[in-house]
There are 2 protein chains.
Amino acid sequence: MDHAIPDIVIGRLPVYLRELERMVRDAGKTTTSSHELAERLGMSSAQIRKDFSHFGEFGKQGTGYHIHYLIDRLTEILNLTHEWPVALVGAGFLGHALASYRGFQRRGFVITCVFDNDPTKIGKTIGDLVVQDAATLETTLPARGIAVAILAVPADAAQETVDRLVAAGVRAILSYAPVSLTVPPGVHVSYSDPVVQLQQMAYYLSPTIP
Amino acid sequence: MDHAIPDIVIGRLPVYLRELERMVRDAGKTTTSSHELAERLGMSSAQIRKDFSHFGEFGKQGTGYHIHYLIDRLTEILNLTHEWPVALVGAGFLGHALASYRGFQRRGFVITCVFDNDPTKIGKTIGDLVVQDAATLETTLPARGIAVAILAVPADAAQETVDRLVAAGVRAILSYAPVSLTVPPGVHVSYSDPVVQLQQMAYYLSPTIP
DNA sequence: TAGATTGTTAATCGATTAACAATC
DNA sequence: TAGATTGTTAATCGATTAACAATC
């Protein structure tokens with residue numbers, strides 16, 4: 001390909017998709033414009049049009065965009081035309097919350113198996129999933145063709161677990177462990193550390209409060 | 001101030017801080033260099049030095065940085081020299097997981113009160129916190145001088161809850177609701193939507209797998 | 001000292017925005 | 001048609017990187 005599409009653009013597509021689906025669900029809208037979408041998302045309309053222009057022409061001058069058509073295009077671009085099976089590693093409090101969250105399935109990801117290495121957790125059920133021994137990760141994941149994993153293990157176990165997930169064929173990892181991870185080229189990691197986010201915002205708070 | 005420090009720089013400071021603390025804890029290191037820190041974080045050493053240079057001179061030519069000194073400077077810059085009390089709104093699965101997470105307190109944030117509007121949840125305890133009626137939010141938060149909130153309510157309730165939090169004096173909100181929120185100037189929102197992160201990574205996965 | 005590393009400058013790279021012809 | 005909005009270009013803005021003098 002001539003030049004790759006910037007990651008920062010790719011990162012906005014799911015936000016566009018989410019907002020468009022909301023516009024259909026809440027307001028029953030069928031068309032929109034870059035201005036309307038931009039206002040709802042707190043960004044510039046030019047940025048939205050520029051982002052879309054990387055992938056083709058999705059709108060019509062004078063009338064804007066058909067929301068359903070736009071949703072279909074974004075769904076295709078993001079490879080969301082089929083469900084992705086997801087492995088969840090870590091069955092603690094956070095693992096339970098994630099396994100119980102209905103939003104994954106609704107938006108294209110199905111948590112298919114749960115692993116932990118704690119003998120007191122192995123064999124227990126979460127919803128309709130049985131917690132498997134993390135030792136079986138290397139055989140289960142390739143057998144099920146799982147490419148996506150969610151990491152909800154303690155920081156100290158994170159890198160080792162990542163290495164094993166990668167060896168098992170996982171190529172996208174959403175990590176909740178508060179630590180920077182190392183992965184080989186071609187494997188993607190996305191981080192979620194609530195404290196990092198809070199600390200960033202704390203910078204902007206007056207130091208004299210409370 | 002002459003020119004504000006870019007938000008993207010502020011966003012990296014907590015990551016530096018986290019890694020430095022890990023270097024002390026795990027390896028007992030006392031000094032480091034921009035090269036070592038950069039390698040551990042998968043970024044360039046020039047970027048780290050440039051980021052630090054916005055705030056002063058923290059290192060010594062030839063020898064690098066004293067980790068403890070650097071940790072103290074970053075802690076000051078980020079307004080983390082005292083603990084921040086945090087309100088948690090939403091006592092579902094995710095709210096429980098967040099309330100049970102020890103990492104908040106350890107890194108400067110203390111969940112001080114929990115709210116929900118579900119009568120079956122109000123009065124129940126999570127750890128040593130009693131779930132309060134969300135209707136009491138407007139009186140409790142100002143009384144306790146709480147400026148930081150974590151939002152773990154359904155998407156449909158999110159904007160209304162944000163409006164009330166802002167009215168109650170909250171100026172930093174970490175939202176787990178899968179929806180874009182609107183806040184007045186001076187209020188900061190940070191988003192965490194795992195599906196958005198997974199969808200972004202799905203772009204890079206071969207569409208033929210599984 | 002010799003080697004190492006910082007802080008900073010200038011160059012490069014990349015992303016955002018403004019503006020507008022095209023056109024529905 | 002007149003009004004609205006797209007897609008795109010060029011300009012602007014901002015962030016990253018390379019390089020190196022300063023200096024520990």
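Fair warning: this is a prediction, and the values are worked out from it, not measured in the lab. Here is how names work: the chains are called A, B, and so on, in the same order as the sequence lines, proteins then strands, and each is numbered from 1.
Residue Gln61(B) places its side chain closer to dT5(C) than to any other of dA15(D), dA10(D), dT5(C). You'll find that the side chain of Arg49(B) is closest to dT6(C), out of dT6(C), dT17(D), dT8(D). Of the candidate nucleotides dT23(D), dT8(C), dT5(D), dT8(C) has the atom nearest to the side chain of Glu57(B). Here the nucleotide nearest the side chain of Lys50(B), chosen from dT9(C), dT16(C), dA18(C), is dT9(C). Taking the side chain of Ser33(A) as heavy atoms from C-beta on, and the options dT6(C), dT5(D), dT16(D), the nearest nucleotide is dT5(D).
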- For Gln47(B) and Asp51(B), what are the C-alpha separation, side-chain angles and deciding distance, and is it a side-chain hydrogen bond (donor to acceptor under 3.5 Å, both in side chains)? CA-CA 6 Å; Gln47(B) 182 165 73; Asp51(B) 284 355; 5.4 Å; no
- Query: Going through the distances and angles, do Tyr65(B) and Phe52(B) end up as a ring-ring contact (aromatic ring centres under 6.0 Å, His included)?
  - Reply: CA-CA 11 Å; Tyr65(B) 302 93; Phe52(B) 289 167; 5.5 Å; yes
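Between Ser45(A) and Arg49(A), the side chains place a donor N or O and an acceptor N or O closer than 3.5 Å (distance only, hydrogens not considered). One side chain, Asp7(A) or Tyr204(B), offers a donor N or O that lies under 3.5 Å from an acceptor on the other. Inspection of the Thr81(B) and Thr75(B) side chains reveals no N or O donor paired with an N or O acceptor under 3.5 Å.
Heavy-atom distances to DNA chain C give each of Lys60(A) and Ser44(A) a nearest nucleotide, and the one nearer the 5′ end belongs to Ser44(A).
His66(B) has its NE2 atom 15 Å from the P atom of dC24(D), to the nearest Å. Distance, Leu37(B) CG to dT6(C) P: 10 Å, rounded to whole Å. The CG-C1' distance, from Leu70(B) to dT5(C), rounds to 14 Å in whole Å. In this structure, Tyr69(A) places its OH atom 14 Å from C1' of dT6(D), rounding to the nearest Å. As a whole-Å value, the separation of Asp51(B) CG from dT16(D) P is 7 Å. For Phe55(A) and dT6(D), the CZ to C1' distance is 17 Å, given to the nearest whole Å. dT8(C) atom P lies 17 Å from atom CD of Gln47(B), rounded to whole Å. dT16(D) atom C1' lies 10 Å from atom CD1 of Ile8(B), rounded to whole Å.
Contact annotation for Tyr65(A): backbone-only contact, meaning every heavy-atom pair under 4.0 Å involves sugar-phosphate atoms and none involves a base. Counting any heavy atom pair closer than 4.0 Å across all strands shown, Ser34(B) reaches sugar-phosphate atoms only and no base atom.
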- Paired and unpaired positions of DNA chain C as dot-bracket, Watson-Crick or G-U wobble under 3.5 Å, | denoting a partner strand: ..||||||||||||||||||||||
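A distance-only check finds a donor-acceptor pair linking the side chain of Trp84(A) to the backbone of Asn79(A) [under 3.5 Å].
Looking at Arg22(A) and Glu19(A), no side-chain N of the basic residue comes within less than 4.0 Å of a carboxylate O on the acidic one, giving no salt bridge.
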